[in-house]
Q: 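Quick one: the structure is below, questions incoming.
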Amino acid sequence: MSNLTIRFYSNCLRRYTTFKMYLPCDIRQDWGQTDTKYSENSTKTLFLLHGFTGDAENWVPEYLSDKYNFAVVIPSGENSFWLDGRSTGHQFCKFVGEELVDYVRRVFRLAKDGSETYIMGLSMGGFGALHTAFAYPETFGKVAALSSALIVHEVAGMSEGQGNDVANYEYYRE
């Protein structure tokens with residue numbers, strides 16, 4: 001398995017950014033590993049979205065990439081809820097749903113179509129995975145949302161000047 005950190009300029013984020021990537025490529029003889037039923041399939045690509053205050057470094061055990069023959073792409077989304085921000089001009093949804101997928105397809109020849117491209121997230125990333133998958137249904141063939149931050153009822157009742165432990169009304173309004 002290759003563990004990569006890639007730095008490139010994102011037009012959506014208007015700056016350089018990095019993402020982690022695990023590429024399956026090894027048969028680990030020291031683990032007693034042999035080819036598995038998964039290695040017979042084409043390599044799928046999984047985009048993993050982290051939660052609030054998280055980053056690309058705290059997500060998944062690397063060996064799963066080899067075990068299940070998945071390329072794993074883990075961008076950093078700050079505390080953006082993976083949305084396009086009107087006030088900042090940063091487009092995190094478009095970054096994941098278009099720019100990053102296109103980059104991985106072009107540079108690594110992975111995620112060739114929706115049937116080979118999945119998205120998953122935890123907490124804020126779960127919200128982002130659902131939102132991005134629904135915004136780009138042709139891009140992502142499967143979506144998984146774990147402990148998603150679906151706090152719409154709490155946010156719907158907020159008004160200007162209010163907030164909660166995570167953010168204020170203005171942040172949620174956007």
Q: Is there a donor-acceptor pair under 3.5 Å between the side chain of N79 and the backbone N or O of T53?
A: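 At least one qualifying donor-acceptor pair exists.
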
Q: Which residue is it: F95, F8, Y9? I am looking for the one with a ring-ring contact (aromatic ring centres under 6.0 Å, His included) to Y103.
A: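 Per the ring-ring contact (aromatic ring centres under 6.0 Å, His included) rule, the option paired with Y103 is F8, out of F95, F8, Y9.
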
Q: As an exercise, state the distance from CG of L110 to NZ of K44, rounded to the nearest 0.5 Å.
A: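 That separation rounds to 11.5 Å.
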
Q: Enter the distance from S80:OG to F52:CZ here, rounded to the nearest 0.5 Å.
A: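 With rounding to 0.5 Å, OG (S80) is 9.5 Å from CZ (F52).
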
Q: Under a 3.5 Å distance rule, please check whether D55 uses its side chain to pair with a backbone N or O of S76 as donor and acceptor.
A: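 Not a single qualifying donor-acceptor pair exists.
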
Q: Quick check for you: to the nearest 0.5 Å, what is the distance between K94 atom NZ and N11 atom CG?
A: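 Rounded to the nearest 0.5 Å, the NZ-CG separation comes out at 9.0 Å.
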
Q: Determine the minimum heavy-atom distance between I74 and V72, stating which atoms define it.
A: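 Between these two residues, the closest heavy atoms are CG1-CG1, 3.8 Å.
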
Q: Would the distance check show the side chain of W82 and the main-chain N or O of G126 forming a donor-acceptor pair, the cut-off being under 3.5 Å?
A: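 No.
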
Q: What heavy-atom pair brings T18 and R7 nearest, and what distance separates the two atoms?
A: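 Between these two residues, the closest heavy atoms are CG2-CB, 3.7 Å.
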
Q: If you measure from CG on D66 to CG on L23, what distance do you get to the nearest 0.5 Å?
A: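 One gets 9.5 Å once the value is rounded to the nearest 0.5 Å.
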
Q: Would a 4.5 Å heavy-atom cut-off, applied to side chains only, mark M21 and F108 as touching?
A: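 Answer yes - side chains close enough.
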
Q: Testing the basics here: between T117 and R105, what is the closest heavy-atom pair and its distance to 0.1 Å?
A: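 Closest approach of T117 to R105, heavy atoms only: OG1-NH2, 3.6 Å.
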
Q: For L49 and G128, work out which heavy atoms get closest and say how close.
A: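 Result for this residue pair: CD1-C, 3.6 Å.
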
Q: Should T17 and P75 count as side-chain neighbours, where that means a heavy-atom distance under 4.5 Å?
A: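 Not touching, per the 4.5 Å side-chain cut-off.
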
Q: With rounding to the nearest 0.5 angstrom, report the CZ to CD1 distance, F134 to I119.
A: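 Output value for this atom pair is 11.0 Å.
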
Q: Verify, without hydrogens or angle tests, whether E99 (side chain) and S10 (backbone) share a donor-acceptor contact under 3.5 angstrom.
A: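 No; judged by distance alone, with no hydrogens or angles, the pair does not exist.
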
Q: Would you say the side-chain atoms of N3 pair up with the backbone N or O of Y22, donor to acceptor, closer than 3.5 Å?
A: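 Side chain of N3 to backbone of Y22: no pair is present.
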
Q: Is the shortest heavy-atom distance from the side chain of E78 to the side chain of F92 under 4.5 Å?
A: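 Yes, close enough: below the 4.5 Å cut-off.
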
Q: Can you name the closest pair of heavy atoms from A145 and L130 and give their distance?
A: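 Shortest heavy-atom contact: CB-CG, 3.7 Å.
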
Q: Mark yes or no for whether S65, through its side chain, and F70, through its backbone, hold a donor-acceptor pair below 3.5 Å.
A: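 Yes, S65 side chain to F70 backbone: donor-acceptor pair under 3.5 Å.
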
Q: Pair F47, T132 - check side chain to side chain contact (heavy atoms under 4.5 Å, CB included), show working.
A: CA-CA 11 Å; F47 290 80; T132 305; over 6 Å; no

Q: Less than 4.5 Å apart, any side-chain heavy atom of V96 and any of Y136?
A: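 They are not in contact (no side-chain heavy atoms under 4.5 Å apart), so the answer is no.
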
Q: When hydrophobic residues are tied together by side-chain contacts of less than 4.5 Å, even through go-betweens, does L13 share a cluster with V107?
A: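 Yes.
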
Q: Taking atom OH of Y118 and atom CG of L48, what is their separation to the nearest 0.5 Å?
A: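 Rounded to the nearest 0.5 Å, the OH-CG separation comes to 13.5 Å.
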
Q: What closest approach, in Å, do C93 and A135 show between heavy atoms, and which atom pair accounts for it?
A: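 In this case the closest contact between C93 and A135 is SG-CB, 4.1 Å.
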
